[in-house]
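The block underneath contains the structure these notes are about, expressed in structure tokens.
Values below: all heavy atoms of this structure, side chains included; hydrogens, waters and symmetry mates excluded. Here is how names work: the chains are called A, B, and so on, in the same order as the sequence lines, proteins then strands, and each is numbered from 1.
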Number of protein chains: 2
Amino acid sequence: MPYESAPRHLVAVDCIIFGFEDGKLKLLIIKRKVAPMEGAWSMVGGFVQEGESTNEAATRVLQQTTGIQDIYMDQLMCYGDVERDSGARVISVAYYALIRISEHDRILANQHGAHWLSLHQIPELIFDHTQMLNDALARLRDKAHFHPIGFELLPEKFSLPQLRNLYEEIYQRPLDKRNFRKKILAMDILEKLDEKDKSTSKKGAHLYRFDKKKYNALTQHGLVFEI
Amino acid sequence: MPYESAPRHLVAVDCIIFGFEDGKLKLLIIKRKVAPMEGAWSMVGGFVQEGESTNEAATRVLQQTTGIQDIYMDQLMCYGDVERDSGARVISVAYYALIRISEHDRILANQHGAHWLSLHQIPELIFDHTQMLNDALARLRDKAHFHPIGFELLPEKFSLPQLRNLYEEIYQRPLDKRNFRKKILAMDILEKLDEKDKSTSKKGAHLYRFDKKKYNALTQHGLVFEI
DNA sequence: CCAAAAGTGTTCCTAGTACACCCATGG
DNA sequence: CCATGGGTGTACTAGGAACACTTTTGG
């Protein structure tokens, strides 16, 4: 397998971008601006450049369309079928990202023709992007079960009803209010604030903050996150 | 992002090949035959050809070095750092495979300079292949926990002590004999044979066979494999 | 007859699940 | 004062974990 004689390929990255707003899981997708399939709905993506790692490419693509940096992003997998892209043979490395919608640059996203859509409103997507979405959802569920990544989708300060609502969306099933509280508070990784969120009830719900340092410390001592 | 102006890359596949023999998890690795790092230990790999999917490339590479087809193989992930291969910028898609060592073509493997080594005997590997191995082991553990893939590493007929030994290797911890039996037999997915394996004891251990059809049927009715 | 591995049940405890009422407050 | 969502405790059950002795048989 000499390097010189091996064929070269177009390599792209595609980002499955999740957000959480109005109690719903949402996905950031764009109207494609190039042929083929111009105008069709698609994940945000782009080609991997020379001297650029695939991780860097994904970060760049995300930054260019959302204006956001420093967010949670993880590789999903590589999609390598020959015919997957009808324009050319393109190998795509998919990443999924979790974004706090409130903190991201909506104006920049709109300039790129990007839109946040609820999961049940997702139209047909190009190529194998629907497959990517399903794979990403499955991965998100698995990952969220044992890792505290849900907080990446919420504002820094959040209430327990909000958090529970998020997990109900991720798992697509109702969670018992009392059991959920018991479980999450028992881990002792949330900091209770003196503020209340009165936007959804008259009584108001206490706000909490995820204490990452505490979580890391407890993890060293055997804590296993599970929700 | 026009297709024409995008750069092209060398894309390789690397296979992390697991086997189980003499009660130990083993890895099939080769002595590299091309520069750079000629003679160093490496996973089996090769370049993705035109008109060949990455899955097909992995299958081909595996077949060429082991002579085996129709084995369990799954994508691990894509490794895309710019400097990961010191010979050129190569993007690698890693796969992990599970092989019944007894059924594979040792002669063919030897011709390719391939060797089965126990996990604790693995020498230094080139590039990021040690990272790949660690990632593959983590994935194997996760996957084996909830999917009946362990059987891919055993002969068609196996004893329960053998099976338990395999899981002890995968999880790197001892498993209680009685609890293990209870759990695996309760799933009712093993067919008990009239043969015994007398190679490891005078009393002999009953042989079993994984009943895949039964497993699939039970899965439809809500069975969740877990061990 | 004995060494060596195979095979077998029971108890305890933890963690998940199900479930209903009071509280605080803005309008 | 009442409608609305927030917050709280207990009882039951199932499943995981710990644990020791008997059986078989080749040498």
TODO: Check the surroundings of atom CD in A:Gln172: do more than 12 heavy atoms from other residues, nucleotides or ligands lie under 6.0 Å from it?
DONE: yes
- [ ] For B:Asn165 and B:Glu169, test the side chains for any donor-to-acceptor distance below 3.5 angstrom and give the result as yes or no.
- [x] no
TODO: Just jot down the ring pair (Phe, Tyr, Trp, His ring centres under 6.0 Å) partners of B:Phe151, sequence neighbours excluded, or say none.
DONE: B:Phe158, B:Phe210
Open item on the list: At under 4.0 Å between heavy atoms, how does the protein contact nucleotides 1-11 of chain D? Give one character per nucleotide, 5' to 3', with B, S or -.
Closed with: ----BBBBBB-
TODO: Consider only side-chain N and O atoms of B:Thr59 and B:Tyr95, and report whether a donor and an acceptor are under 3.5 Å apart.
DONE: no
Open item on the list: Whole angstroms only, please: what is the CZ-C1' distance between B:Phe158 and C:dA6?
Closed with: 16 Å
Task: Residues touching DNA chain D, which here means a heavy atom under 4.0 Å, drawn from residues 217-227 of chain B - done: none
Task: Main-chain N/O of A:Gln64 paired to A:His112 side chain as donor or acceptor, under 3.5 Å - done: yes
TODO: For the residue pair B:Asp197 and B:Ser159, confirm or rule out a side-chain donor-acceptor distance under 3.5 Å.
DONE: no
Task: Between C1' of C:dA6 and CZ of B:Phe180, the distance in whole Å - done: 14 Å
Open item on the list: Regarding B:Tyr79 and B:Asp135, do their side chains bring together a donor and an acceptor under 3.5 Å, going by distance alone?
Closed with: yes
Open item on the list: Main chain of A:Lys26, side chain of A:Glu21: is a donor-acceptor contact present, judged purely on distance under 3.5 Å?
Closed with: no
Open item on the list: Expressed as a whole number of angstroms, how long is the span from B:Tyr171:OH to D:dG16:P?
Closed with: 12 Å
